[in-house]
Each structure stands twice: as C-alpha cells, then as structure tokens.
Amino acid sequence: MKYFRDTMDFNIREPSSIALGKFDGLHQGHRKLLEEIKNKAESGCKSVVFTFDIPPGSLSDKNYKVLLTNQEKEGLFSEAGIDYVIECPFTDEFKKMEPDEFLRFLTSRIDVKQIAVGTDFRFGRDRKGSCRDLIEREREFGYQTVVVDKVMDQGKDISSTRIREHIQNGEMEEANRLLGYSYFLTAGVQHGSGVGRRIGAPTVNQLPPENKLLPKNGVYVSVAVLDDRCWYGVSDIGYKPTIEGEHPLGVETHLFDFDEEVYDREIRVAFLSYLRPEQRFDSVSDLSRQVAKDCENAQNICENITLQRF
C-alpha cells in the first residue's frame, strides 16, 4: 500500500476508484465503502482512500478524541488491502475550496473513474457540496458516483458517534460488534513502576496518544497482538491510584503466559469486556489479591470469546 501524508502533491495516473470520508473508527459502514472501491479492481481500477490528517471535529473542540489515530488507521487500511491512501493536510487553503474546485483538484491528481461516498457525505467550503453535486458533475469530470447506504443495526445507523458512546461507557461488546473488530490501542511499551512484577503479575505499560479515545477508566479483559500472535490478559486503564505519586493516564496490561521482552516495541492491545471500575487499595497486598481475582474472571470470560479481526 502506498500512503501519502503531509502533502497535497500526490499523483496517481492509474484508473482509480476512490472513497471519500473521515473514516474515524473504520466501522462496518466504512468497510462497506472500502468493499465498493475494492470491487472495481476487477475492471482494472486501483482502490484509493482520500481522507484528512485531522478530523474536522477537532477544529471546534480542542478535547476531541479519535477512535483511531492516523497510525492505527494506516494499519487497518493496509490490512484491508487498499492500494493507495491519501491523508491530505486540512489546511486553510483546502478549507476554502469550493466544491467544483475540490473536484478539479482531485481529478487533476488522480485518474478517477469512480467516487464512492456515504449518503450524508459533504464536501467543499462550508460543506456546500453533497452527493447530488457529485452526480451532477459526473460528465464534466469523467467519473461515476456510487452512494453507499448506511449499514443499519437494530433499526439505527452504525456511526462513529454511536460507537464512541459505547466505548466511553465501557460497553466494549457493543462497540466491537458495531466496529466489526475489537477496539484497540497501538502504542509503544514503556518502563513502569515494577509493582506488577513484584506481585507476580508483570505488565506491559503504554501511554496513549493525547487524542486517542480510551474506554472509561477501569479493568478490562483484553488481548494483545504482537507479530501476528495473540495473548489474552487483563488491562487497567487509569492513573495507578494505589501507587504513590502522580501518574499520567496509562494502560497496564498483564498478559497470560507471556514472558517476552517488549520494551520500546509497539503492541496492539484490544479491549474485550469491562470487569470493574478503577479503585485505590489500602496496600499492595490488597491490590495483589484483587489482580488474582481479575485474572481468574478474565480467563473464564476468554473461554467464551470469539476474536474479531479487521
């Protein structure tokens, strides 16, 4: 997969089917768009995703959290078999483009044969452009438009907003079902306090990017993916309230039957099921006993879990 980032100077001269959108979360609705552009491969078209380097929602909300970081999104696009991804800078120049100007910009740099969008897609300055505008300009710019209907679940649209609410509430089974894969964090492994190792439950410690949405603080059944291998475990999301001192928000994961050295490596940890809230214990001994209970509960749950992969 070829990935363009930090540039508006890209050039794809092969016939292409292009999907336009934010793709936050890459949920089942987004995957329907990806399947549409991949299906055009049979007619010789390359699959192209056009998105932005920042979510538009972050412009009005400084505390906006994404479901997927750009790095995580890149990994999932690659796993999905997309040929090209364009992560276009959302510059002042770009924000001022009228709909027609955007289409000229796009078709001058890509040999666009098909554009696939969702029913609520908007584009151009002040979101003036719509699906109707795309269809009306097909002859002028030489492409065909495919408008992909929303994917429904229990009578409601599958949307990033809906999934975000489930994650914030710790409802991981629902969030993962709507995503079509298990919601995860990818981050480097840091050195921790060493308390986990002292109580017989060593942990993989990660500091999430500031703009990454995490499930609510607490303890979760989890699974880690490293080098295409999986280990179940227990993850604690929070501020280490039992450990003396102030600590940044982090994710500590104890993996069952895992004893590899992974410091400074990136690892994907997916959150499967909420076990209990974060809490402060009176002593490390009390913490140790609770961790043992958490591990036992998690192992019982893992026996009935079917992993979902993108």
Side-chain angles (χ1 to χ4, degrees), residues 1-6 24-26 53-54 65-80 85 87 167 172 176 179 181-272 275 278 284 287-288 291 294-295 298-299 302 307-310:
M1 182 182 76
K2 175 71 173 178
Y3 205 96
F4 295 94
R5 60 164 54 85
D6 299 326
D24 190 21
L26 275 177
D53 61 344
I54 60 171
K65 304 293 186 181
V66 295
L67 296 178
L68 293 173
T69 65
N70 290 348
Q71 177 190 6
E72 291 169 341
K73 199 181 294 185
E74 178 180 356
L76 290 190
F77 281 134
S78 179
E79 291 174 25
V85 176
E87 185 186 286
I167 292 170
M172 302 314 300
N176 294 342
L179 284 167
Y181 63 91
S182 297
Y183 187 67
F184 64 89
L185 163 70
T186 298
V189 178
Q190 313 279 327
H191 287 273
S193 63
V195 171
R197 187 169 297 279
R198 292 202 300 272
I199 65 175
T203 57
V204 170
N205 304 293
Q206 297 170 291
L207 294 178
E210 289 186 4
N211 67 336
K212 171 72 176 184
L213 180 70
L214 290 180
K216 71 176 183 179
N217 290 3
V219 178
Y220 293 80
V221 182
S222 60
V223 63
V225 180
L226 182 67
D227 297 332
D228 292 325
R229 294 176 294 163
C230 296
W231 287 269
Y232 285 108
V234 173
S235 293
D236 188 315
I237 300 174
Y239 296 95
K240 304 180 182 179
T242 304
I243 310 304
E244 189 174 333
E246 293 187 5
H247 305 278
L249 177 64
V251 178
E252 294 183 290
T253 304
H254 171 60
L255 301 174
F256 307 142
D257 303 315
F258 182 84
D259 60 0
E260 296 185 23
E261 181 69 64
V262 291
Y263 289 121
D264 300 322
R265 295 187 61 184
E266 289 197 334
I267 190 169
R268 178 188 294 189
V269 174
F271 309 102
L272 307 179
L275 284 177
E278 180 184 36
V284 172
L287 172 62
S288 177
V291 169
D294 294 338
C295 291
Q299 287 172 325
C302 288
L307 287 182
Q308 299 186 77
R309 295 292 298 275
F310 188 82

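Note that the structure is predicted; figures quoted are calculated from it, not measured. FYI, side chains are in, hydrogens and waters are out, and symmetry mates aren't considered; it's all heavy atoms of this structure.
Here the options are Asp236, Ile237, Val251, Asp294, the test is side-chain contact (heavy atoms from CB on, under 4.5 Å), and the partner is Tyr220; only Ile237 passes.
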### Message
Working note: Asn205 + His191, criterion side chain to side chain contact (heavy atoms under 4.5 Å, CB included); need CA distance, chi angles, decisive distance, verdict.
### Response
CA-CA 7 Å; Asn205 304 293; His191 287 273; over 6 Å; no
Margin query: Thr69 vs Asn211, test: side chain to side chain contact (heavy atoms under 4.5 Å, CB included). Steps then yes/no.
Written below: CA-CA 8 Å; Thr69 65; Asn211 67 336; 4.2 Å; yes
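Residues Val189 and Val204 share a closest heavy-atom pair of CG2-CG1, 3.5 Å. Closest approach of Ala298 to Phe256, counting heavy atoms only: CB-CZ, 4.0 Å. Here the closest non-hydrogen pair linking Ala187 and Gln206 is O-NE2, 3.1 Å.
Among residues two or more places apart in sequence or in another chain, the side-chain contact (heavy atoms from CB on, under 4.5 Å) test is passed with Ala224 by Leu255, Ile267, Val269. Asp227 is linked by a side-chain hydrogen bond (donor to acceptor under 3.5 Å, both in side chains) to Arg265, counting only residues two or more places apart in sequence or in another chain. Taking Asn217 as the reference, Glu278 meet the side-chain hydrogen bond (donor to acceptor under 3.5 Å, both in side chains) condition, with sequence neighbours excluded. Contacts of Ser235 classified as side-chain hydrogen bond (donor to acceptor under 3.5 Å, both in side chains), with partners at least two apart in sequence or in another chain: Ser222, Thr253. Every residue meeting the salt bridge (charged side-chain N to carboxylate O under 4.0 Å, His left out) condition with Glu260, not counting sequence neighbours, appears here in chain and number order: Arg229. Considering only residues two or more places apart in sequence or on other chains, Pro208 meets the side-chain contact (heavy atoms from CB on, under 4.5 Å) condition with Leu185, Leu214. Not a single side-chain hydrogen bond (donor to acceptor under 3.5 Å, both in side chains) links Gln299 to another residue, sequence neighbours left out. For Tyr3, there are no ring pair (Phe, Tyr, Trp, His ring centres under 6.0 Å) partners two or more places apart in sequence or in a different chain.
Between Met1 and Val85, some side-chain heavy-atom pair lies under the 4.5 Å cut-off. Within the 4.5 Å cutoff, side-chain heavy atoms of Thr203 are placed close to those of His254. Within the 4.5 Å cutoff, side-chain heavy atoms of Leu26 are placed close to those of Leu68. Under the 4.5 Å side-chain criterion, counting only non-hydrogen atoms from C-beta, Leu67 is in contact with Ile167. With contacts defined as side-chain heavy-atom distances shorter than 4.5 Å, the pair Tyr239/Pro248 does not qualify.
By the 30° and 60° cut-offs, the orientation of the rings of Phe271 relative to Tyr183 is tilted. Ring orientation note: the planes of Phe184 and Tyr181 are tilted relative to one another, at an angle of 30° to 60°.
For the residue pair Glu266/Gln71, the side-chain donor-acceptor check at 3.5 Å is satisfied.
Screening residues 201-213 for salt bridge (Lys or Arg N to Asp or Glu O under 4.0 Å), with sequence neighbours left out, gives Glu72-Lys212.
Salt bridge present: Arg268 and Glu79 bring a charged side-chain N and a carboxylate O closer than 4.0 Å.
Under a cutoff of 6.0 Å and an axis angle of 45°, Lys73 and Phe77 do not form a cation-pi pair.
To the nearest 0.5 angstrom, Gln190 atom CD is 4.5 Å from Leu207 atom CG.
For Asn70 (side chain) and Asp53 (main-chain N/O), a donor-acceptor pair under 3.5 Å exists by modelled atom type.
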